[in-house]
*Asks:* 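Please see the structure below; I have some questions.
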Number of protein chains: 2
Amino acid sequence: MAKSPSTRAGAQARRQVWDAAIRLFAAKGFHGVGIRELAEGAGMSSATLYHYMGTKEELLASIMRASLDRLNDAAGRVTADASDPQAQIVRLVHVHVLTHALRPEETAVVDNELEALRAERRTAMVALRDAYEDHWRRAIANGCASGLFTVPDRTFARMALLEMCSGVAKWYSPDGSIALDGVATAHARLALQLLGVPAHTMPRPDPAEIQAARALVEEIWQVSLGASAPDPA
Amino acid sequence: MAKSPSTRAGAQARRQVWDAAIRLFAAKGFHGVGIRELAEGAGMSSATLYHYMGTKEELLASIMRASLDRLNDAAGRVTADASDPQAQIVRLVHVHVLTHALRPEETAVVDNELEALRAERRTAMVALRDAYEDHWRRAIANGCASGLFTVPDRTFARMALLEMCSGVAKWYSPDGSIALDGVATAHARLALQLLGVPAHTMPRPDPAEIQAARALVEEIWQVSLGASAPDPA
DNA sequence: CGCGCCCTATCGGTCGATCGATTGGCGAGC
DNA sequence: GCTCGCCAATCGATCGACCGATAGGGCGCG
């Protein structure tokens with residue numbers, strides 16, 4: 001099991017293991033990465049590895065849990081103070097897309113390696129994922145109830161939204177020339193269109209909404225997203 | 001290398017290997033399935049396996065190639081005789097959703113196990129996938145050029161459509177009570193909405209379009225999709 | 001007989017995990 | 001201030017199990 005980070009050096013080594021695991025699991029899949037390869041990626045011997053993690057599967061589970069916990073945290077806070085279902089969807093899309101573009105490897109591991117967990121752990125992860133999806137389900141239900149959204153099936157719509165937003169992690173490259181904010185706002189618009197929001201009702205991209213999502217992601221993921229998109233002041 | 005199917009019994013055994021591989025690779029991932037487990041799933045010894053396949057990786061590659069070839073075939077034929085970009089998208093969505101619901105395991109393998117292939121084979125598969133995506137790219141470009149579609153970014157829209165349609169394979173269960181046709185028509189509507197087709201322009205589900213896609217899938221995949229959705233005659 | 005089919009047995013290699021031993025820095029006791 | 005004991009950190013070596021793949025012989029049918 002994971003030891004407590006007692007010293008500074010220990011915490012750094014733990015981070016190296018964590019980072020190497022995310023990078024390698026995303027690139028080759030959990031079963032495609034051996035202990036020795038993981039150790040080499042983390043810059044230590046395979047035996048030393050076990051000072052900083054439990055079993056290989058526990059390492060995967062802890063990565064997933066941390067990622068899903070942060071996502072749930074963000075989704076809860078971003079929907080709590082927005083009563084308008086349209087704003088809720090926009091914020092959920094922003095958070096989801098920003099995180100999937102910011103951490104494509106981590107999210108790919110969470111999305112693709114559930115099958116590598118044994119039944120008990122996998123069930124727990126599925127519960128976390130379901131809790132996250134529930135934020136989307138409620139927002140869609142609100143929008144449909146108030147007549148804002150028009151979809152043939154709410155479950156299909158929810159799955160479609162989640163899949164299209166998660167897909168960003170598969171093609172987005174952080175060092176590319178595509179601006180993060182642009183990806184997020186474009187997907188927010190696609191999401192509202194998918195939900196049947198008429199063109200004349202569609203709001204312009206609201207800088208306040210964008211900033212709210214950015215700030216939340218920066219806080220929870222402890223990163224800086226750099227400069228905002230150029231403000232046409 | 002795959003041997004030529006010389007006898008009836010040989011062809012059946014080959015099919016057993018093929019089916020077991022799809023089922024197990026989808027459930028546990030390519031690297032998560034051993035030769036012995038694959039042999040047990042196919043009902044033969046691990047040595048006998050090699051009478052019906054090349055290496056394990058060649059088996060995976062042949063499964064992917066067959067699946068992608070059929071998908072490309074279907075996409076080419078379904079867009080060839082439909083000049084209207086709206087009809088092209090509807091048909092593409094129908095074919096994509098029907099196949100992903102009909103063969104969730106096979107499509108899951110194709111979508112998730114590309115990384116398990118060595119560079120040379122992977123490149124070939126990516127080329128096939130890109131050729132398939134090109135059918136979608138052209139349909140979207142046509143629709144945008146004629147003013148039918150309104151999207152913030154054509155590439156984002158294409159990726160969103162493909163992801164949301166592929167996602168069906170992750171949750172659809174053939175033995176469930178959800179009708180195939182209903183899933184396909186619902187997703188066709190979601191797709192058109194995502195592309196910004198106004199509500200008043202949106203066509204009702206066209207039985208002819210549905211039947212065209214059904215027939216094509218039945219022919220290329222050599223299956224029967226059962227009765228159509230009840231026709232309100 | 002000859003050939004397709006299928007087996008047991010086995011190959012060298014790698015898997016995930018653990019062993020005992022060593023190192024080095026840090027704090028307590030005198 | 002010096003020493004000594006402790007403990008996190010790290011290693012090479014190795015465990016039993018399993019990996020993908022092959023060798024070679026027996027069986028049954030035309």
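Hydrogens, waters and symmetry mates play no part in the numbers below; they use all other heavy atoms, side chains included. A note on names: the letters A, B, ... follow the listed sequences, proteins ahead of strands, and every chain is numbered from 1.
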*Asks:* Output the rounded distance in Å from OH (A/Y52) to C1' (D/dA8).
*Replies:* 8 Å
*Asks:* Kindly indicate whether the side chain of B/H51 and the base of C/dC5 share any N or O donor-acceptor pair separated by less than 3.5 Å?
*Replies:* no
*Asks:* Are any protein N/O atoms closer than 3.5 Å to N/O atoms in nucleotides 16-23 of chain D? If there are, list each pair with its distance.
*Replies:*
residue, atom, partner, partner atom, Å
D/dG20, OP1, B/V33, O, 3.3
D/dG20, OP1, B/K56, NZ, 2.5
D/dG20, OP2, B/I35, N, 2.4
D/dG20, N7, B/R36, NH1, 3.1
D/dG20, O6, B/R36, NH2, 2.8
D/dA21, OP2, B/Y50, OH, 2.8
D/dA21, OP2, B/K56, N, 3.1
D/dA21, O5', B/Y50, OH, 3.4

*Asks:* Given B/H135, which of B/V95, B/L71, B/T79 fulfils the side-chain contact (heavy atoms from CB on, under 4.5 Å) condition?
*Replies:* B/T79
*Asks:* Figure out the CG/C1' separation between A/L38 and C/dA17, and round it to whole Å.
*Replies:* 13 Å
*Asks:* Could you check whether the rings of B/H100 and B/H96 sit parallel, tilted or perpendicular, using 30° and 60° as the cut-offs?
*Replies:* parallel
*Asks:* Among A/E106, A/E113, A/E105, find the residue that satisfies the side-chain contact (heavy atoms from CB on, under 4.5 Å) test when tested with A/V109.
*Replies:* A/E113
*Asks:* For A/G182 versus B/F156, what's the shortest heavy-atom pair and its separation?
*Replies:* O-CE1, 4.3 Å
*Asks:* Return the value, rounded to whole Å, for the distance between atom CZ of A/F25 and atom C1' of C/dG16.
*Replies:* 12 Å
*Asks:* For B/R14 and C/dC6, give me the distance from atom CZ to atom C1', rounded to whole Å.
*Replies:* 14 Å
*Asks:* Between A/H187 and A/W171, what is the ring plane arrangement, given parallel below 30°, perpendicular above 60°, and tilted in between?
*Replies:* parallel
*Asks:* Write down the distance between CE (B/M44) and P (C/dT8), rounded to a whole number of angstrom.
*Replies:* 13 Å
*Asks:* Ion pair present between B/D73 and B/R70, side-chain N to carboxylate O less than 4.0 angstrom?
*Replies:* no
*Asks:* Taking the minimum atom-to-atom distance to the side chain of A/S45, which one of C/dT8, C/dC5, D/dC11 wins?
*Replies:* D/dC11
